[in-house]
Participant: 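Right, I'll just put the structure down here and ask away after.
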Amino acid sequence: MDPNVMILGSGHAVPERILSNSDLEVMVKTSDQWIVERTGIRQRHIAAPGAALSDLAASAAMAALDNAGLNPADIDLIILGTVSGDMKFPATACFVQEKIGAHGAVAFDISAACSGFLYSLQVAAAMMQGGNYRHALVIGGEILSALVDWKDRDTCVLFGDGAGAVVLGPSQQGRGLLGACMATDGRHTQLLHSPGGGSLHPPSAASLAAGLHFIRMEGREVFRHAVLSMEQALQKALLQAGVEVQALDLLIPHQANLRIIEAVGKRFDFPAERTLVNVDRFGNTSAASIPIALDEARRSGRLQPGDLVGLVTFGAGFTAAAAVLRI
Ligand code: ACO
């Protein structure tokens, strides 16, 4: 399809504090070797107690605006993908709107777990195509450390905190979003969830004691579905874009786990040299992982104007999404 929106700027922000695998070795029964072999993760950034996701998201947004050469007043839409917002309500995007001073922008959150950024990107693009929005901030951000059971070695080694953002604007010279795909499979909600704290299990002494507010995951099942769903989503986005996978200058898969990234690459016979990996430094930052990686690639020159990039993700829900863009 002809692109109608393109990325004008990008930015990211992560908390200062780094938690290494050796730090985790003294918290739970694990080892640096196990974590590196099974996940590829060496360290992750963790927010200080009391930190707000809206602060991280606002920092990422301001960096993206600066990179785009635009001001908050130029923004008329803010969509934030997250499952670890500041509060149950209002939407964390409302706090971001206030913090960056984008008072003319419509702002709301999208809950699609690790697919939050790519869902938000596609919703923003569709709204912009309608003609009422010219410049959008699309953000993916999480403070998943607030939802992690730090006594559960199965999950606590996997996640990190951070936020990434892009500014979308009208496309020029064939650059922008060429193909995209979103998918949902609600049959597997129980394989990856945080069941407590909502209306089904409101916060209570009993729900806290049962740890219902923590992330619960069936790791092996998630792994299996992730690889399949990411393959299917990327195939659909490539088909819509009308490009072969080998034409991609860079593939940015969701940074959940090096083995998932490698398995997806293998299914497409796609070279590792053209696949971005930063899970070793950030862990799985859920909705933030793709925009953080995208920003690193743009700023380091690994992605140049005119390059073709493929983005693909999978998360709780189950949700999956992909996008093909000419940068
Ligand atoms: N340190 C040491 N040992 C551990 C740890 C740990 N942190 N965690 C689990 N183990 C043990 C288990 O208890 C088990 O021990 P046992 O054999 O004595 O029973 C053994 O290691 C193997 O456990 P498995 O769960 O079978 O290990 P597996 O090879 O499946 O790796 C992992 C686990 C890394 C979670 C893997 O299943 C995975 O990557 N799943 C995908 C999950 C994911 O990425 N989720 C993120 C959210 S979704 C997304 O972003 C895509």
Side-chain angles (χ1 to χ4, degrees), residues 19-44 81-84 111-119 140-145 147-162 164 182-186 188-195 214-234 252-267 277-280 282-293 311-322:
L19 188 72
S20 67
N21 290 351
S22 44
D23 294 331
L24 280 162
E25 282 176 352
V26 297
M27 295 164 64
V28 288
K29 199 162 176 287
T30 190
S31 67
D32 175 57
Q33 190 192 352
W34 191 96
I35 301 171
V36 172
E37 275 177 16
R38 303 287 176 121
T39 72
I41 299 168
R42 294 179 185 275
Q43 62 170 52
R44 67 289 285 147
T82 188
V83 290
S84 52
S111 171
C114 303
S115 305
F117 175 77
L118 287 186
Y119 268 47
E142 305 283 7
I143 299 190
L144 282 186
S145 60
L147 306 184
V148 161
D149 178 356
W150 289 100
K151 294 194 178 89
D152 175 17
R153 71 176 183 175
D154 290 349
T155 54
C156 77
V157 303
L158 302 175
F159 299 104
D161 301 333
M182 290 192 273
T184 307
D185 185 348
H188 309 291
T189 48
Q190 79 292 351
L191 295 180
L192 180 55
H193 61 167
S194 160
F214 291 132
I215 294 172
R216 295 172 171 201
M217 183 183 71
E218 299 294 332
R220 286 199 168 189
E221 278 299 297
V222 171
F223 192 111
R224 196 169 63 79
H225 285 278
V227 176
L228 251 173
S229 303
M230 287 167 80
E231 180 189 8
Q232 287 169 356
L234 184 58
I252 304 184
H254 169 46
Q255 305 288 307
N257 179 314
L258 184 57
R259 290 190 301 152
I260 294 179
I261 294 170
E262 287 172 348
V264 172
K266 215 177 248 174
R267 288 188 173 234
V277 175
N278 66 11
V279 70
D280 52 324
F282 295 107
N284 180 352
T285 57
S286 181
S289 98
I290 286 183
I292 290 175
L311 313 173
V312 61
T313 190
F314 174 81
F318 285 141
T319 58

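Just follow the structure's listing: the first ligand is 1, and inside any ligand the first atom is 1. Please read all numbers here as calculations on a predicted model, not as lab measurements. All values below come from the heavy atoms of this structure, side chains included, with hydrogens, waters and symmetry mates left out.
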Participant: Would you check whether G219 has a nitrogen or oxygen atom less than 3.5 angstrom from a nitrogen or oxygen atom of ligand 1?
Facilitator: yes
Participant: Has ligand 1 got any nitrogen or oxygen that is less than 3.5 angstrom from a nitrogen or oxygen of R38?
Facilitator: yes
Participant: Can you name the atoms of ligand 1, numbered from 1 with element, that are less than 4.0 Å from a heavy atom of D154?
Facilitator: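 Close to D154: 8 (N), 9 (C).
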Participant: Taking distance alone, with N or O pairs closer than 3.5 Å, would you say H254 contacts ligand 1?
Facilitator: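 Between H254 and ligand 1, an N or O pair is found under 3.5 Å apart.
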Participant: Specify whether the nearest protein heavy atom to atom 3 (N) of ligand 1 is under 4.0 angstrom away.
Facilitator: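 Yes.
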Participant: Who's the nearest protein heavy-atom neighbour of atom 44 (O) of ligand 1, and how far?
Facilitator: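 Sorting protein heavy atoms by distance from atom 44 (O) of ligand 1 puts A256 CB, 3.7 Å first.
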Participant: Return yes if some donor-acceptor pair links the side-chain N/O of N284 with the main-chain N/O of G160 below 3.5 Å, else return no.
Facilitator: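 Pair absent, no side-chain N/O of N284 close to backbone of G160.
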Participant: So which protein heavy atom does atom 51 (C) of ligand 1 come closest to, and at what separation?
Facilitator: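 That would be F314 O, 3.5 Å.
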Participant: Do the charged groups of R224 and E221 touch, with an N to O distance under 4.0 Å?
Facilitator: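 Salt bridge present between R224 and E221.
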Participant: Where on T30 is there a heavy atom closer than 4.0 Å to ligand 1, on the side chain, on the backbone, on both, or on neither?
Facilitator: both
Participant: Checking a contact table here: which protein heavy atom is nearest atom 46 (C) of ligand 1, and how many Å away?
Facilitator: N284 ND2, 3.2 Å
Participant: If the cut-off is 4.0 Å to any non-hydrogen atom of T39, which atoms of ligand 1 fall inside it?
Facilitator: 34 (C)
Participant: Indicate whether any N or O donor in one side chain lies under 3.5 Å from an N or O acceptor in the other, for S84 and E142.
Facilitator: yes
Participant: To the nearest 0.1 Å, how far is atom 43 (C) of ligand 1 from its closest protein heavy atom, and which atom is that?
Facilitator: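 Answer, as residue, atom name and distance: M217 SD, 3.8 Å.
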Participant: How close does the nearest protein non-hydrogen atom get to atom 36 (C) of ligand 1, and which residue and atom is it?
Facilitator: R259 NH2, 3.7 Å
Participant: Determine whether any protein heavy atom is located less than 4.0 Å from atom 22 (C) of ligand 1.
Facilitator: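 For atom 22 (C) of ligand 1 the answer is yes, since some protein heavy atom falls inside 4.0 Å.
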Participant: Which atoms from ligand 1 have a heavy atom of N257 less than 4.0 Å away?
Facilitator: 34 (C), 38 (C), 39 (O)
Participant: Out of all atoms in ligand 1, which are within 4.0 Å of some heavy atom of L192? Include the element for each.
Facilitator: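 Answer, ordered by atom number: 47 (C), 48 (S).
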Participant: Measure the spacing between OG1 of T285 and CD1 of I292 and express it to the nearest 0.5 Å.
Facilitator: 4.0 Å
